[in-house]
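Working notes, structure below.
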Amino acid sequence: MCETCGCGDPNKVSVEVHDRILSVNDRTAAHNREHFVEGGVFVVNLMGSPGGGKTAVLEATARSLGGRGRIGAIAGDLETERDADRLRAVGVPAAAITTGSACHLDAEMVHESLHHFPWRGLDYLFVENVGNLVCPAIYDLGQAVNVVALSVTEGEDKPLKYPVMFRKADLVLLTKVDLLPHLDFRVEAVLDALARVMPQPDVLQVSARTGEGVAGWIAWLEGRRAAQGKG
Amino acid sequence: MHEYSLVRAMVDRVEQEARARNAIAISRLAVRIGAMSGVEPELFASAFTLCREGILAEAELQIRRSEAAWACPKCTVAIPAGAVLRCRACDAPAKLISGDEILLEQIEMEVP
């Protein structure tokens, strides 16, 4: 009997589900996370706009980290292996996930790529998500932290326009800060915008080109990785 | 557009429930989408029209929206969306108490 609309049709049944539509993705993400934690690998889901400086940050990270940590990367893009190629060129083992038309990575794509990538033995695994400030935010991949790269050429109001992405960020990397003298970008304005969408705004200013702020970013990573080890 | 992949995930789940009950048709699906979920209800609805086939051919989709609501986790005072997300009294970071849902709530199906 259909109780919902009261039509009394005895052949209609109403099934209460109340389940997240992404529950399958969430289960795969939890499975990935178990592997990562058990393997002692600290996983960063790096998100941001196309051209926001994600790959450049990873190149600078590899240069600055030197021998202090083994890092690897999985780079998602609609087409080409260019980002993975750039990372391999600075000595970072990297795999590419070409998503075709999908605008984001999901937990299954990451899981599948792990089967062909020597991630065990790494200290840090960076998952460079597809350049996009909307879709990647809703898919858990099994990462330890979400980091969003926001470049100073993108405008101060990006956090207010894309609140879902910034709400989920554990850290915002304000990138390309070497360009600040040439722009009307006000750092205080972006910090104010972030405080309205991110309950615990954590922001670091970096320039992959000059190396400014990269040591602080490495220290942030090391601190978080140590916390995962204890947890 | 991630709404299409969300609809695909929902359809898989619905078909699974329908098989478990030998349903002959799905008449209605009730979904809840929060304002802070990153999902556009209109895009979700149009993606659903592309997936309305087989057992779902006649299914109606009901989308219930929920607004974003923030509150202080200590003193529970509401913090309006758009404000700085920190409690003025306790200085605690605000917590999102609703508005990030992407839920399949109910499936109405016809059984033999």
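These values consider heavy atoms only, across backbone and side chains, with no hydrogens, waters or symmetry-generated copies.
For the pair B/P93 and A/P199, the tightest heavy-atom approach, listed with the atom from each and the gap, is CB-O, 3.5 Å.
Considering only heavy-atom pairs separated by less than 4.5 Å from chain A, the leading option among B/M36, B/E101, B/M10 is B/M36. If you tally non-hydrogen atom pairs under 4.5 Å between each of B/A83, B/A81, B/P112 and chain A, the highest count goes to B/A83. Chain A forms more heavy-atom pairs under 4.5 Å with one residue of B/A68, B/A9, B/S37, B/A92 than with any other, namely B/S37. Of all the listed residues (A/K168, A/R167, A/Q200), the one sharing the greatest number of non-hydrogen pairs under 4.5 Å with chain B is A/R167.
To the nearest 0.5 angstrom, A/E16 atom CD is 8.0 Å from B/E105 atom CD. A distance of 13.0 Å separates CZ of B/R8 from CD1 of A/I21, quoted to the nearest 0.5 Å. Separating the OG atom in A/S23 from the CG atom in B/L103 is a distance of 10.0 Å, to the nearest 0.5 Å. From A/M198, atom CE reaches atom CG of B/L85 across 10.5 Å, with rounding to the nearest 0.5 Å. Note that OG of A/S14 and CZ of B/R28 are 6.0 Å apart. Values are rounded to the nearest 0.5 Å. Between A/R20 atom CZ and B/L6 atom CG the span is 9.5 Å, to the nearest 0.5 Å.
Residue B/E67 qualifies as open at atom CD: its count of foreign heavy atoms under 6.0 Å is 12 or below. Within 6.0 Å of CD in B/Q62 there are more than 12 heavy atoms belonging to other residues, nucleotides or ligands.
With a 4.5 angstrom heavy-atom cutoff, B/E110 touches chain A via backbone and side-chain atoms both. In this structure, chain A has no heavy atom under 4.5 Å from any part of B/R32. At a 4.5 Å heavy-atom cutoff, the contact between B/V31 and chain A is made by side-chain atoms alone. In this structure, chain B has a heavy atom under 4.5 Å from the side chain of A/Y139, while its backbone stays farther away. When heavy atoms are compared at a cutoff of 4.5 Å, A/C135 approaches chain B by way of both its backbone and its side chain. Within the 4.5 angstrom heavy-atom criterion, no atom of B/I79 approaches chain A.
Within the 4.5 Å cutoff, no side-chain heavy atoms of A/V13 are placed close to those of B/E108.
Residue B/H2 is tested with A/D106, A/N132, A/I138, A/L22 for a side-chain contact (heavy atoms from CB on, under 4.5 Å); the sole match is A/I138.
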